[in-house]
Amino acid sequence: MKILVTGGCGFIGSHVVDAYAEKGYEVTVVDNLSTGKKENLNQKARLYITDIGSEEMKEIFYKEKPDVVNHHAAQISVPLSVKDALYDAEINIKGTIRLLELSREYAIQRFIFSSTGGAIYGEATEIPTEETYYPRPASPYAISKFAAEKYILFYHDYYRIPCVILRYSNVYGPRQIPHGEAGVVAIFTEKLLQEEHAMLYHFPEEPLGMIRDYCFVTDVAQANLMAAEKKLTGIFNIGTGSGTCTYDLYKTILNILREKGKALNESFDEPLRGIARPGDIHTSTLNVRKARDVLGWKALKNLKAGISETIMWYMKNET
Ligand SMILES: NC(=O)c1ccc[n+]([C@@H]2O[C@H](COP(=O)([O-])OP(=O)(O)OC[C@H]3O[C@@H](n4cnc5c(N)ncnc54)[C@H](O)[C@@H]3O)[C@@H](O)[C@H]2O)c1
């Protein structure tokens, strides 16, 4: 199977590429390296450094003729999407449509899309939230992901392109970028490793912070493998089904760092505090029954083991 992965030099995309390459699939990556890094890329994959909106994409499809397109390239920051909604829409909506047009022209067999279960449902009244819950996106980023989903479903219905939409919860693990505005595990870990105080953003009435469903990146990569191999179409939540508040996450990271020998004095016992930013939501956890029953997927890594592996990676790879 020939698979084209957009964003394959990024955090999640690079793990997805690893999972495909390990199974012996021929993987081509398109990435403009805006947030991704060449060193993340699996050596077996072929890389084209370009934008998903570029003219070069036509040549890449012509040359590579992929069977499957796995679309991970995106503008991923919620605060940035609030600041510059047009830029977000340019990449996340128009970029996806351009890929769908090429996928139609080259009659690809499957289009896999990384959507967001963490943001798309907004402040859901059903927790954990099922796929059937009608999305109430609360930020331009979530709106652009929802719009992209709708275009993908249109191309499925109208042009018969099989598609799998994976709505991820909060993904964490090795290679996540701590400098960005997403990825609280990476941000806390890097701050504490550098012996700097980390900021916990929260709503005034909830001092323990927001509740999120943290899912380890290699589990997410396995979901992408199953999405490529199984002849399915549909939307699947990908997460653990359970929630952790930001304060407990901070404490878990702090304790594991100390267990691993990092000397952090008592001034680190409590994080700094900041008020929730525009686009933030209180609680997000995903009902993952459909992924288990239909896709045959389940998150395997528990939070402590995942955080421990992530910390080990950051300790080895200075960012
Ligand atoms: N990290 C999460 O918790 C999470 C949750 C839900 C959904 N997602 C989705 O998963 C995907 C990957 O996210 P990530 O956390 O790995 O982010 P990331 O920033 O590490 O990866 C994105 C990759 O896409 C590339 N890219 C961005 N814009 C591009 C463009 N216009 N053309 C070509 N390449 C481009 C970047 O260089 C990077 O390598 C995104 O679609 C994101 O919306 C992530």
Side-chain angles (χ1 to χ4, degrees), residues 4-18 28-42 45 47-57 60 69-78 80-81 87-99 112-121 137 139-149 152 165-187 212-221 223-224 227 235-240 281 284 286 299 306 310 319:
L4 187 149
V5 181
T6 70
C9 293
F11 161 49
I12 304 172
S14 64
H15 287 275
V16 171
V17 171
D18 287 348
T28 299
V29 167
V30 171
D31 200 302
N32 67 1
L33 302 182
S34 53
T35 54
K37 293 180 189 158
K38 258 191 194 172
E39 54 268 34
N40 285 345
L41 189 69
N42 190 294
L47 172 64
Y48 292 91
I49 302 174
T50 191
D51 196 282
I52 51 165
S54 73
E55 282 297 306
E56 200 188 333
M57 289 302 291
I60 296 169
V69 172
N70 182 307
H71 182 28
H72 270 77
Q75 184 303 109
I76 66 154
S77 163
V78 170
L80 204 141
S81 79
Y87 172 71
D88 178 87
E90 185 68 43
I91 299 173
N92 292 359
I93 303 178
K94 281 174 84 176
T96 303
I97 299 171
R98 288 195 175 103
L99 275 175
I112 301 168
F113 180 59
S114 54
S115 187
T116 168
I120 211 163
Y121 300 114
S139 66
Y141 167 74
I143 294 168
S144 68
K145 284 283 174 177
F146 189 38
E149 284 193 3
I152 293 163
I165 291 168
L166 301 174
R167 288 181 178 164
Y168 304 155
S169 63
N170 282 58
V171 187
Y172 72 98
R175 302 181 197 151
Q176 191 160 25
I177 307 163
H179 309 298
E181 300 197 59
V184 68
V185 173
I187 293 167
R212 297 288 181 266
D213 180 339
Y214 293 98
C215 191
F216 195 63
V217 69
T218 55
D219 282 329
V220 172
N224 280 272
I235 299 178
F236 298 92
N237 282 341
I238 298 296
T240 67
I281 53 175
S284 161
L286 302 181
T310 306
T319 49

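Just so you know, these numbers use all the heavy atoms, side chains as well, and skip hydrogens, waters and symmetry mates. Residue indices begin at 1 and follow the sequence shown. In each ligand, atom 1 is the first atom listed, and ligand 1 is the first ligand listed.
When each atom of ligand 1 is checked for a heavy atom of L33 under 4.0 Å away, the hits are 37 (O).
Residue-to-ligand polar distances place G10 within reach of ligand 1: an N/O pair is separated by less than 3.5 Å. In terms of N/O distances under 3.5 Å, ligand 1 is not approached by A73. Ligand 1 has no nitrogen or oxygen under 3.5 angstrom from a nitrogen or oxygen of I76. Not one N or O of S115 is nearer than 3.5 Å to an N or O of ligand 1, by distance alone. Ligand 1 has an N or O atom lying under 3.5 Å from an N or O atom of I12, backbone or side chain. Considering backbone and side-chain N/O atoms, V30 never comes within less than 3.5 Å of an N/O atom of ligand 1. For H72, a nitrogen or oxygen atom sits less than 3.5 Å from a nitrogen or oxygen atom of ligand 1, counting backbone and side chain alike. Checking only distances, N170 never comes within under 3.5 Å of ligand 1, N or O to N or O.
The nearest pair of heavy atoms linking Y87 to L80 is CD2-CD2, 3.7 Å.
Comparing heavy-atom distances from atom 19 (O) of ligand 1 across T35, D51, T50, T6 singles out T35 as nearest. Taking each of G7, G36, A142 in turn, the one with a heavy atom nearest to atom 24 (O) of ligand 1 proves to be G7. Nearest-heavy-atom check against atom 34 (N) of ligand 1 across V78, T96, N32 picks out N32.
Under 4.0 angstrom from ligand 1, the non-hydrogen atoms of Y141 all belong to its side chain. Neither the backbone nor the side chain of K37 comes within contact range of ligand 1; no heavy atom lies under 4.0 Å. Heavy atoms of A119 found under 4.0 angstrom from ligand 1: none, in either backbone or side chain.
The shortest heavy-atom distance from C9 to ligand 1 is under 4.0 Å. In this structure, R167 falls outside the shell of residues with a heavy atom less than 4.0 angstrom from ligand 1. Residue G53 places every heavy atom at 4.0 Å or more from ligand 1.
No hydrogens or angles considered: nothing links the side chains of H15 and T218 as a donor-acceptor pair under 3.5 Å.
A donor-acceptor pair under 3.5 Å is formed between the side chain of N92 and the backbone N or O of Q75. Remark: the backbone N or O of C9 is paired with a side-chain donor or acceptor of D31 at under 3.5 angstrom. The backbone N or O of G118 sits nowhere less than 3.5 Å from a side-chain atom of S169 that would complete a donor-acceptor pair. Checked by atom type and distance alone, the side chain of Q176 pairs as donor or acceptor with a backbone atom of V171 at under 3.5 Å.
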Determine, stepwise, if the pair Y168 / S114 fulfils side-chain contact (heavy atoms from CB on, under 4.5 Å). CA-CA 7 Å; Y168 304 155; S114 54; 3.5 Å; yes
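Between I120 and E149, some side-chain heavy-atom pair lies under the 4.5 Å cut-off.
To the nearest 0.5 angstrom, L99 atom CG is 14.0 Å from K94 atom NZ.
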